[in-house]
Colleague: 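Would you mind keeping the following structure in view while I ask a few things?
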Amino acid sequence: MIKITFPDKSIREFQDGVTGQEIAQSLSSQLAREAFSVSVNGDVWDVTRPIFSDANIAIHKWEDKEAKEAFWHSSAHLMAEALEVIYPGIKLWVGPAIETGFYYDVDMPEGKVISENDFETIEKKMLEIARGKHAYIRTDMPKAEALEYYTEKGDEYKMDLISGLQDGTITFYTQNNFTDLCRGPHLPDTSAIKAVKIMSIAGAYWKGDDKNKQLTRVYGITFPKQSMLSDYLTLLEEAKKRDHRKLGRELELFTFSQKVGAGLPLWLPKGAMLRERLEQFLKKLQTRYGYEPVITPHIGQKELYVTSGHFAKYGADSFQPINTPAEGEQFLLKPMNCPHHCEIYKSKPHSYRDLPIRYAEFGTVYRYEQSGELHGLTRVRGFTQDDAHLFCRPDQLKEEFLKVIDIVLYIFKVLDFNDYTSQISLRDPNTPDKYIGSDENWAKAESAIIEAATEKGLKTVVKYGEAAFYGPKLDFMVKDAIGRSWQLGTIQVDYNLPERFDLTYTGSDDQKHRPVMIHRAPFGSMERFVAVLIEHTAGKFPLWLTPEQAIILPISEKFNEYAKKLLQLLKNYDIRAVIDERNEKIGKKIRESELRRIPYMLIVGENEANDETVSVRKQSEGDLGKMSPEEFSQHIKNQIEKELQE
RNA sequence: GCCAACGUAGCUCAGGGGUAGAGCACUUCCUUGGUAAGGAAGAGGUCAUGGGUUCAAUUCCCAUCGUUGGCUCCA
């Protein structure tokens, strides 16, 4: 007998070799049906795998991440089998479960491609196999035998995978006529997979290296119930409605023009108004935190970026240098503001008493992003960073870093971004040539970030290889409407550029010392931040930010005069309002104002004109009743105060 | 940059080898209305751009540009 400990700490005895499924069955037969995987001493196992020693276990149902992973991983195998049937000669690379569904990377037979028209065929084949209720059977195989199996099959991809594995740990899973090298875990059998959707198709370089052959990546998702698939697809439709590219056009915030160029956003008046309010908000905050504004030009001598190292790292793939009539003179569109700010620091000598110095600039930069990467406002070729560079003494570094975190967190709080992740981006120790500076400086910078993040109690993920080439970063990531993660705020510790630019200050010992730099951008870029803000709010911006706070809707043209008088009054109260003077019925004016996401509709007709009031209707909520213009302005002021409360 | 798909009116989209169509938006007229679409008429397109095939191309083929979903990249 073995002792099984459940998550609630209760302990029960079972026969040696009992499976997760049998344990579930002993609790309830429904649980046994719904158990997709089981954690055994922290490792996730098949529910059909026998347990031979005392263990802590947790049974995972669909709701659990561990169950979905097994479900979707099994589905990837199912799809692989279907693909093998439909495209004989197809070769398989890897097929993991992902956050929503799974994919499989495949090498298509010569001359064959998968297109969207083929999705239905694949789905049908998968469902057909799933209905056969084929068990996923786990087998161990010695390395030599595994290699032999794939040599026979002529599959160089799997052979590559196996050659990297340790002998004795190699397992295979078989369902129906399909066997795949796999660690597992998997479902007991294929019958749980009831709904299947192939989502998309994409190219993916083998092993993620663009020098390698490009494989075909097929994305899919499956569910244990048809209704769950429908719900999921509805959810995707809803998310599409929040897409900033769609709302940006509908709400007249920004546009692009082929003639201006790809990835170069044009801010329309309403978008510009929104962005300027955000900038003012941050400027005010930064003034409180002791930042000083600076302004630098859009171009700089190439040498400046040679010094900083940016040119060596990014020059070849960037906008090419601008030549002048002078022989040999070259300028770059600035891809970064830091070199300019370093030169400002150098414009006069500094005492240790002056530090920290904090230079802030909404600096517009240009980077030649790859054409395939451009995406709405989130990935563009010309954008404005809410940039600042802090020059401080080593003993001030931590405090300064903590204060920057405070700024970022305050912004996120005011704008109601609760669902962010903080990522500590460190360098990849395996590729030291990607970075500049000494190991010692890197170690100092990395520990500074880790300490500061810990002190603030941030829940962070550590990612190696994500650092900037001159220093590690603390990044704040937020997801967009379709689930993609974007970096917004970033804080970076840099010991290297101060050396490269030979920045110094005089210490109390009358000796020259090197300052430490912090690069920081709490929004990241205005473009990306506004994009994510649009998706986060679905276009319903906070009152303090929104371009149009109120719209006056006269019941008929007879009341346009009163509406104009009212508009002037509201302007005096600093309320951003417009009038819909068109010859349309009130229902239509309301509908369109709702779609324009204007927070307040002020309906004025005979009654209001007579007693000098407005009927207030709140967007997506409805009638608030009659108010005097004074009361309304007070209402707005109260709302804004609430929004900006610390 | 790479893989796949797409590009028709301001927007959303239909169509298809014989010089184009709907709804919304726009203009004009009628209507002057009370909380999510009043009615009528009109105007609007070199069917992304450039080549090729054809008696004839918006439609078929190629290239370029752009857009979309991924991959690689992201100072």
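If you're wondering where the values come from, they're calculated on a predicted model, not measured in any experiment. Chain letters run A, B, ... following the sequence lines, proteins first and then strands; every chain starts at 1.
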Colleague: Would you check if there is a donor-acceptor pair between the side chains of A:Glu123 and A:Thr121 at a distance under 3.5 Å?
Modeller: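 Result is no, nothing qualifies.
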Colleague: Could you check whether A:Lys473 pairs with A:Asp475 (Lys NZ or Arg NE/NH1/NH2 to Asp/Glu carboxylate O, under 4.0 Å)?
Modeller: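 Looking at A:Lys473 and A:Asp475, the cut-off is met.
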Colleague: I need the CG-C1' distance between A:Leu488 and B:C74, as an integer number of Å.
Modeller: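 Spelled out: CG on A:Leu488 to C1' on B:C74 is 14 Å.
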Colleague: Using heavy atoms to find the nearest nucleotide of RNA chain B for A:Gly376 and A:Gln385 separately, return the residue whose nucleotide is more 5′.
Modeller: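 Here A:Gly376 is the residue nearer the 5' end.
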Colleague: Answer yes or no: side-chain N or O of A:Arg379 and base N or O of B:C73 forming a donor-acceptor pair under 3.5 Å.
Modeller: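 Yes, a donor-acceptor pair under 3.5 Å.
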Colleague: Is A:Glu466 salt-bridged to A:Arg427, cutoff N-O under 4.0 Å?
Modeller: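 The answer is no: the pair does not qualify as a salt bridge.
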Colleague: Which whole number of Å gives the distance between the C1' atom of B:U67 and that of B:A75?
Modeller: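 B:U67 and B:A75 have their C1' atoms separated by 27 Å.
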Colleague: Quickly work out the A:Asn560 CG to B:G33 P distance and round it to whole Å.
Modeller: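 After rounding, the gap between these two atoms is 13 Å.
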Colleague: Can you tell me how far P of B:A48 sits from CD of A:Gln258, to the nearest Å?
Modeller: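 One finds 11 Å between P of B:A48 and CD of A:Gln258, rounded.
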Colleague: Where the side chain of A:Ala262 is concerned, which of B:A75, B:U32, B:U67 is the nearest nucleotide?
Modeller: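 Of the candidates, B:U67 comes closest.
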Colleague: Can you work out whether A:Arg217 or A:Ala467 has the more 5'-proximal nearest nucleotide on RNA chain B?
Modeller: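 Comparing both residues, the 5'-ward one is A:Arg217.
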Colleague: Starting from C1' on B:C74, measure out to CD on A:Glu369 and report it in whole angstrom.
Modeller: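 After rounding, the reported distance stands at 5 Å.
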Colleague: Roughly, in whole Å, what's the span from CG in A:Leu377 to C1' in B:C74?
Modeller: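 Rounding to the nearest Å, CG of A:Leu377 and C1' of B:C74 are 17 Å apart.
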Colleague: Please check if the distance between the ring centroids of A:Tyr435 and A:Phe469 is under 6.0 Å.
Modeller: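 Aromatic pair excluded; centres sit 6.0 Å or further apart.
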Colleague: What is the distance, to the nearest angstrom, from the CZ atom on A:Arg249 to the P atom on B:A9?
Modeller: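 Those two atoms, CZ and P, are 13 Å apart.
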Colleague: A:Tyr600: what forms a ring-ring contact (aromatic ring centres under 6.0 Å, His included) with it, not counting sequence neighbours?
Modeller: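 If we apply the ring-ring contact (aromatic ring centres under 6.0 Å, His included) test to A:Tyr600, skipping adjacent residues, the hits are A:Phe632, A:His635.
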Colleague: Taking NZ, NE, NH1 and NH2 as the nitrogens, is one of them in A:Glu238 or A:Lys241 under 4.0 Å from a carboxylate oxygen of the other?
Modeller: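 Salt bridge flag = yes for A:Lys241 with A:Glu238.
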Colleague: Given the rule that a pair is Watson-Crick or G-U wobble with both distances under 3.5 Å, how would you write RNA chain B in dot-bracket, using | for pairs to a different strand?
Modeller: (((((((..((((....[..)))).(((((.......))))).....(((((..]....))))))))))))....
Colleague: For A:Ile586 and B:G38, give me the distance from atom CD1 to atom C1', rounded to whole Å.
Modeller: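 Rounding to the nearest Å, CD1 of A:Ile586 and C1' of B:G38 are 14 Å apart.
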Colleague: For A:Tyr314 and B:A75, do the ring centres fall under 5.5 Å apart while the planes stay under 30° apart?
Modeller: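 Answer is yes, a stack.
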Colleague: Looking only at the side chain of A:Tyr470 (C-beta and beyond, no hydrogens), which of the listed nucleotides B:C2, B:G33, B:A75 gets closest?
Modeller: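 That would be B:A75.
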Colleague: Please name the residue in the list A:Glu527, A:Glu369, A:Gln370 that meets the side-chain hydrogen bond (donor to acceptor under 3.5 Å, both in side chains) test with A:Arg379.
Modeller: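 Result for side-chain hydrogen bond (donor to acceptor under 3.5 Å, both in side chains) with A:Arg379: A:Glu369.
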Colleague: Counting side-chain heavy atoms from C-beta on, which of B:G69, B:C73, B:U35 comes nearest to A:Gln370?
Modeller: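 The listed nucleotide nearest to A:Gln370's side chain is B:C73.
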Colleague: I'd like to know if A:Glu608 reaches the base of B:G34 with its side chain such that a donor and an acceptor end up less than 3.5 angstrom apart.
Modeller: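 Counting by modelled atom types and ignoring angles, a donor-acceptor contact under 3.5 Å is found here.
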